[in-house]
Protein chains: 2
Amino acid sequence: MQLDHFDLSILRYLQVNCRHPADAIGVEIGLSATAVQRRIRRLREVGVIQAEVAVIAPDAVGYPLVLLVELVFAKGLADTIDQFKRQMLALPEVQQCYYVAGEYDFMLVLHAASMADYEAFTRAVFFKNSNIIKFRTTVVMDAVKRGLTLPI
Amino acid sequence: MQLDHFDLSILRYLQVNCRHPADAIGVEIGLSATAVQRRIRRLREVGVIQAEVAVIAPDAVGYPLVLLVELVFAKGLADTIDQFKRQMLALPEVQQCYYVAGEYDFMLVLHAASMADYEAFTRAVFFKNSNIIKFRTTVVMDAVKRGLTLPI
DNA sequence: CCTGAAAAGTAACCGGC
DNA sequence: GCCGGTTACTTTTCAGG
């Protein structure tokens with residue numbers, strides 16, 4: 001799907017605040033409210049807008065710890081990789097999961113209530129998986145920026 | 001602020017879909033639509049809900065490349081760290097920025113239109129900063145999971 | 001693009017714990 | 001007095017012309 005500069009302008013508003021009213025966007029970019037709404041609906045249908053979500057403060061709900069994990073897998077096992085991806089998608093502790101090229105194979109961003117909880121997680125997920133050769137955990141001191149905003 | 005189980009239930013819905021109607025949430029958790037909305041408003045005011053945003057498909061808007069960057073800073077310069085944090089907040093290419101404890105000092109998740117663009121970015125931001133001793137870039141092959149959903 | 005209709009969200013008031 | 005419920009009102013969104 002081809003996006004024109006109107007679509008991009010609309011997305012620029014919505015990626016910061018998806019409750020920004022369509023008519024307000026309209027006056028700012030020079031389009032009627034209906035036109036803006038039609039475009040938003042199409043962007044949703046086509047999947048350019050993947051979701052509209054509330055960003056929650058992690059400490060407010062008891063998940064103050066942020067951890068970064070680098071994982072190394074045993075090579076030559078395509079199935080295990082796919083299986084692990086599915087597992088990561090299903091686990092709520094895992095906020096983000098990147099399959100990468102380089103020294104390690106996966107990078108995870110995850111939240112935990114406490115170090116003890118995280119340790120239990122590593123036992124249940126990492127140690128149990130014999131295809132994981134090693135993993136390295138890094139503790140986040142300050143989540144300076146935590147968003148999904150693109151430079152459009 | 002203390003959250004009861006109603007608040008947590010509401011957040012559970014909104015962190016997946018912030019357009020989920022209040023009355024629909026109401027019937028599912030056993031509360032009137034108004035009560036739900038009042039709670040949502042308070043959650044917004046207090047900052048438990050930090051933002052409500054649209055998640056945009058990066059490739060659809062011309063940012064298919066995801067890069068992870070680990071940065072090492074020269075030690076003993078608190079000011080430079082703060083200054084760098086502010087810079088990261090301002091740069092749209094930087095989706096996420098974590099100040100970490102361990103071998104390196106920062107971990108960044110960033111999006112780029114092309115490798116050439118990313119190279120230009122490293123010149124403008126990393127090489128120009130003399131406090132950065134070294135940095136390591138990892139290319140993401142598959143952004144398996146990319147969200148901000150907490151395990152509440 | 002404009003209009004009216006439907007739906008969602010907002011605000012003010014009432015009642016019970 | 002604090003919350004939840006009901007009602008009336010406003011804003012936003014949706015559908016036909």
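Chain A is the first sequence line, chain B the second, and so forth, proteins listed ahead of strands; every chain is numbered from 1. When reading the values below, keep in mind they use all heavy atoms of this one structure, side chains included, and skip hydrogens, waters and symmetry mates. Here the structure is a predicted model, which means the values were calculated and not measured.
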Sequence neighbours left out, what pairs pass side chain to side chain donor-acceptor pair (under 3.5 Å) with at least one residue falling in residues 17-29 of chain A? A/Tyr13-A/Glu28, A/His20-A/Glu28

Taken to the nearest 0.5 Å, the spacing of B/Leu150 CG from A/Leu110 CG works out to 11.5 Å

Scan B/Arg42 against the nucleic acid and name what it touches under 4.0 Å (heavy atoms): base, sugar-phosphate only, or nothing. nothing

How would nucleotides 8-17 of chain C be written as a contact map, 5' to 3', with B for base contact, S for sugar-phosphate-only contact and - for no contact, using protein heavy atoms under 4.0 Å? -BBB------

Nearest-0.5 Å distance that lies between atom CG in A/Leu91 and atom CZ in A/Phe121: 5.0 Å

Grab the two heavy atoms, one from A/Ala113 and one from A/Tyr63, that are nearest each other, plus how far apart they are. N-CD2, 3.6 Å

Take the protein atom OH of A/Tyr13 and the nucleotide atom P of D/dT12, then report the distance between them rounded to whole Å. 15 Å

Verify ring pair (Phe, Tyr, Trp, His ring centres under 6.0 Å) between B/Tyr104 and B/Tyr98, making sure each step is shown before the conclusion. CA-CA 11 Å; B/Tyr104 50 94; B/Tyr98 299 99; over 10 Å; no

Do A/Leu89 and A/Val100 share a hydrophobic cluster (ILVMFWY, side-chain heavy atoms under 4.5 Å, transitive)? no

Using whole Å, report how far CD1 of B/Ile40 lies from P of D/dG4. 13 Å

Nearest-angstrom distance from the residue atom CD1 of B/Ile29 to C1' of D/dC3: 14 Å

